[in-house]
Amino acid sequence: MGSNSPSIESPQMPEVAFPMEDDDRYLHGRVGPSIGHDIFLPEPVEVKRPTGSLSKFHVPWQQKATLPPLTNQPYSSNEAMADQVLPHYPGASVAAKSHLSLLLALPSELLNYIFNFLGPLDLASVSSTCRMLSGHAKLDLYWQRHVQENTPGVQLSSPSPYTSYRELFISHDPHWFLTKYKVWFCDYFLTGKIIICRYDPRRGCIEGYRLVAERSPPTFDPWEADDEVLIHSFKPQCRLHLDQPVLQIDAIKHESPVGSSGESTAFHKFNAETPMRINERSHHGVFSNFLLARPVEELPNMSLWPPPTIPAHSRVRNASQEAFVGAGHKPQKRSQVSDQAFRIRRWMQMTAGSNAPGIHLAEEVYTYATLDPKVYTPTEDKPYRGIWVGDYSGHGCEFLLVHQPDDEEPFDEASVVRGEDETAEEWESRKKEERIYRGSLEAIKLTGDPNVPRGEYTFIADDISKGGFIRTATEQRFKGARIVRSTGHIANPMFRNHTYIESQLIMISPNQLAQYWVGFGHISFFERVDIDQFLSPFSDPQPNLT
């Protein structure tokens, strides 16, 4: 480590590479399941470092070190470099000089500061170098931060049921991506499902519950603009189906993961299927296993999840003739693990008696994928991005992604010329409006119905700018709302003869939209879903014991 140490004068450090193209607003951790091989036996990985130079580091001890300028002459040995630098560090020891390691000579405060920039796999790598660095790398201060970054919505105060956060992190490795990305939707036939994954600190487990929405019986009112058009009332109530978790990975494992061959070794850490104990599953005869997934290179006509309609950084196969047990579907090492998808295998086990062999029935494998937080996080310029719930009449409530793609060209405020009779406030308001209302708006079903299934567009407004503008609503129900041209997706059962029909999108607010289905003569509503309200188990409604 001595001869390869960077210059202490002004090393330039690379930016941290995150697994998704998001900034800190969207990320809850920098743990990438796609790097390294094992938390205990890590592959060589590149250490993440902060940008900037060491000269900007804050040194929190009483007497700050002032380093002399290093000479431009090459050093004949590490000892020569150590002789120049080490004496200027408070606490520098002769032992450090003799071991030729400038890193080991740094004060503990500075080492702690540097270690704050290391990820979990980096910490695991450093802990295998020497006793001194191992002691620093195992400090709970760092591991608590890594657990916390992967558990949005929950403020941790204890590593229970473990004695340290390091043990807790290792226990759930490599599954922290489930809680980090929190929103997951699956390829269940036609209708699909959407679940919210979160961490429950009371039990130390990762759990996933289905997100459902309920509505009151609708009322029907005529539209002021056209009394032959009916407006369907819509007041949805979204909640988690807490009676039956879809996913549950316990902190204290009662069973060892097993590979497809039935073996239980460290070699099968990533291709193993993890049995899930969900509400005493054996009592009901329904079993579930959790499977890590492996991303694939996309080829024409390949069956993939998520579908091409939904933006994604990587995709996995969602069709297999061998029930997803082959090496092409299961990762064999950490670098092959997808942090964007996973699978759940479910089946029934029927038994005739305590000693009779069971009968394996009705096995199904569902593939789940997540969304890049960027595509559903609203911004000032893209305020309609988000996860929404919509009214689909006889089909009930369905969840969808409202996607506002990035603009190909940045907005040019100089193109908005102030009118002669326009006040400064009116001009600023018009510039803001033209900055927001540009490009397209696409609504994609995360859950679907027998007519238009999950993964398909439900409506598209190709141009929400002046090019697609129809009018500003003057009727009391939608007063001030922007109305633009759109097309609605319809189909016969089993998605036969699907087509797009004329419709109009009524942009009431960034939290509420309405769709006028011209051919059907009715208006239905869509409302934004606040996903974060479901992330804390402490916010769950209390069960009614009466």
Sidechain-backbone polar pair: [X] side chain, [Y] backbone, donor-acceptor under 3.5 Å:
{"X": "T179", "Y": "T151", "value": "no"}
{"X": "T219", "Y": "S233", "value": "no"}
{"X": "R145", "Y": "N116", "value": "yes"}
{"X": "N318", "Y": "L304", "value": "yes"}
{"X": "R198", "Y": "E207", "value": "no"}
{"X": "Q404", "Y": "Y384", "value": "yes"}
{"X": "E426", "Y": "T423", "value": "yes"}
{"X": "S338", "Y": "P295", "value": "no"}
{"X": "R485", "Y": "G467", "value": "yes"}
{"X": "H146", "Y": "L118", "value": "yes"}

Quick one: pull up [atom1] in [X] and [atom2] in [Y] and give me the separation to the nearest 0.5 Å.
{"X": "T367", "Y": "Y188", "atom1": "OG1", "atom2": "OH", "answer": "14.5 Å"}
{"X": "L292", "Y": "T274", "atom1": "CG", "atom2": "OG1", "answer": "6.5 Å"}
{"X": "H172", "Y": "I249", "atom1": "NE2", "atom2": "CD1", "answer": "7.5 Å"}
{"X": "I531", "Y": "I194", "atom1": "CD1", "atom2": "CD1", "answer": "5.5 Å"}
{"X": "D173", "Y": "L168", "atom1": "CG", "atom2": "CG", "answer": "11.0 Å"}
{"X": "F534", "Y": "C197", "atom1": "CZ", "atom2": "SG", "answer": "14.5 Å"}

So, do [X] and [Y] sit near enough that their side-chain heavy atoms are less than 4.5 Å apart?
{"X": "N451", "Y": "Y392", "result": "no"}
{"X": "W176", "Y": "V147", "result": "yes"}
{"X": "F520", "Y": "I490", "result": "yes"}
{"X": "T447", "Y": "F185", "result": "no"}
{"X": "T191", "Y": "R454", "result": "no"}
{"X": "I206", "Y": "L247", "result": "yes"}
{"X": "L211", "Y": "V183", "result": "no"}
{"X": "K330", "Y": "Q336", "result": "no"}

| said: Are there over 12 heavy-atom neighbours, none belonging to R346, within less than 6.0 Å of that residue's CZ? | reply: no

| said: How about CD on Q237, more than 12 heavy atoms from neighbouring residues, nucleotides or ligands closer than 6.0 Å, or not? | reply: no

Which atom of [X] lies closest to which atom of [Y], heavy atoms considered:
{"X": "F177", "Y": "A341", "answer": "CE1-O, 4.1 Å"}
{"X": "R496", "Y": "P493", "answer": "NH1-O, 3.1 Å"}
{"X": "V416", "Y": "F411", "answer": "CG2-CZ, 3.8 Å"}
{"X": "I231", "Y": "P222", "answer": "CD1-O, 4.3 Å"}
{"X": "L190", "Y": "P450", "answer": "CD1-CA, 4.0 Å"}
{"X": "P120", "Y": "F169", "answer": "CG-CZ, 3.4 Å"}

| request: Run the salt-bridge test on E224 and R477 with the 4.0 Å N-O cut-off and return the result as yes or no. | output: no

| Does the cation-pi check pass for R202 over F538, that is, NZ or CZ under 6.0 Å from the six-membered ring centre and within 45° of its axis? | yes

| query | Between R482 and Y437, is NZ or CZ placed under 6.0 angstrom from the six-membered ring centre and within 45° of the ring axis? | reply | yes

| Distance-only polar pair, side chains of S486 and S503, donor-acceptor under 3.5 Å | yes

| task | Using distance alone, with no hydrogens and no angle criterion, decide if S440 and D462 have a side-chain donor and acceptor under 3.5 Å apart. | result | no

Pairs satisfying salt bridge (charged side-chain N to carboxylate O under 4.0 Å, His left out), at least one member in [range], at least two apart:
{"range": "residues 414-424", "answer": "E422-R430"}
{"range": "residues 515-535", "answer": "K182-D532"}
{"range": "residues 399-412", "answer": "K374-D406, K382-D407, R385-D406, D407-R438"}

| task | Take L513 and M507 through the test side-chain contact (heavy atoms from CB on, under 4.5 Å) and record every step on the way to the result. | result | CA-CA 5 Å; L513 297 170; M507 308 179 75; 4.2 Å; yes

| said: The test is side-chain contact (heavy atoms from CB on, under 4.5 Å); show your working for Y368 and I344 and say whether it passes. | reply: CA-CA 8 Å; Y368 285 80; I344 292 179; 4.0 Å; yes

| said: One pair to check against ring pair (Phe, Tyr, Trp, His ring centres under 6.0 Å): F525 and W388. What are the steps and the verdict? | reply: CA-CA 10 Å; F525 287 90; W388 295 61; over 10 Å; no

| task | Take F459 and F526, measure what ring pair (Phe, Tyr, Trp, His ring centres under 6.0 Å) needs, and give me the verdict at the end. | result | CA-CA 12 Å; F459 64 81; F526 303 86; 5.2 Å; yes

| task | Kindly determine whether V316 and R343 satisfy side-chain contact (heavy atoms from CB on, under 4.5 Å), including the steps that lead there. | result | CA-CA 10 Å; V316 299; R343 296 187 176 94; 4.0 Å; yes

| Parallel, tilted or perpendicular for F290 and H175, by the 30°/60° rule? | perpendicular

| query | Testing H498, K445, E456 for side-chain hydrogen bond (donor to acceptor under 3.5 Å, both in side chains) with H489, which one passes? | reply | H498

| task | Please test I310 against L446 for side-chain contact (heavy atoms from CB on, under 4.5 Å), starting from the C-alpha separation and ending with a verdict. | result | CA-CA 9 Å; I310 297 177; L446 299 177; 4.0 Å; yes

